[in-house]
Engineer: 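Quick one: structure below, then a few questions.
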Amino acid sequence: LEAGYSSVMIDGSALPFLENINLAHRVVERLSPYHIPVEAELGRVGGKEDDLSVEDAGYTDPQQAADFVCQSGVSS
């Protein structure tokens, strides 16, 4: 925020679902007065990133994604 970023991405995907929601919600609350959009991670994406390799990531449950967005308030 102090550095002037126009959006923020938070990755709590390694956390349990409710903890991820709580983390994302705290970030949204902190940034909402500044109208800065927040993107969050839910679940895993197939592929390789850093030291993590996911071969069978499956699909995101649409209802769980909707619940995540409603409860956390993230933009995307």
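Bear in mind the structure is a predicted one, so any value in this text is a computation, not a measurement.
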Engineer: Drop me the distance from N20's CG to S13's OG, to the nearest 0.5 angstrom.
Structural biologist: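 The CG atom of N20 sits 6.5 Å away from the OG atom of S13.
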Engineer: Under 4.5 Å between any side-chain heavy atoms of M9 and D11, yes or no?
Structural biologist: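 SC-SC contact between M9 and D11 confirmed.
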Engineer: From S75 OG over to H35 NE2, what is the distance, rounded to the nearest 0.5 angstrom?
Structural biologist: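 With rounding to 0.5 Å, OG (S75) is 12.0 Å from NE2 (H35).
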Engineer: Nearest 0.5 Å, please: how far is OG in S76 from CD in E39?
Structural biologist: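 Between E39 CD and S76 OG, I get 4.0 Å after rounding to 0.5 Å.
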Engineer: Do R26 and L23 come close enough that some side-chain heavy atom pair is under 4.5 Å?
Structural biologist: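 Side chain of R26 against side chain of L23, heavy atoms only: contact under 4.5 Å found.
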Engineer: Can you list everything that forms a salt bridge (Lys or Arg N to Asp or Glu O under 4.0 Å) with R30? Sequence neighbours excluded, please.
Structural biologist: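 If we apply the salt bridge (Lys or Arg N to Asp or Glu O under 4.0 Å) test to R30, skipping adjacent residues, the hits are E2.
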Engineer: Are I10 and Y5 connected into the same hydrophobic cluster when the rule is that any two of I, L, V, M, F, W, Y join if their side-chain heavy atoms are below 4.5 Å apart?
Structural biologist: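 In one cluster: no.
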Engineer: Using the side chain to side chain donor-acceptor pair (under 3.5 Å) criterion, which residues pair with Q71? Sequence neighbours excluded.
Structural biologist: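 For Q71 there are no side chain to side chain donor-acceptor pair (under 3.5 Å) partners, ignoring immediate neighbours.
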Engineer: Pairs of donor and acceptor atoms involving the side chains of residues 62-70, under 3.5 Å and at least two apart or interchain, shall be tabulated with distances.
Structural biologist:
unit_1: Q63; atom_1: NE2; unit_2: D67; atom_2: OD1; d: 2.9

Engineer: Atom OG of S7 and atom CD1 of I36: how far apart are they, to the nearest 0.5 Å?
Structural biologist: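 S7 OG to I36 CD1: 8.5 Å, rounded to 0.5 Å.
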Engineer: Quick check: closest heavy atoms across P37 and S6, and the distance to 0.1 Å?
Structural biologist: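 So the minimum-distance heavy-atom pair works out to CD-O, 3.3 Å.
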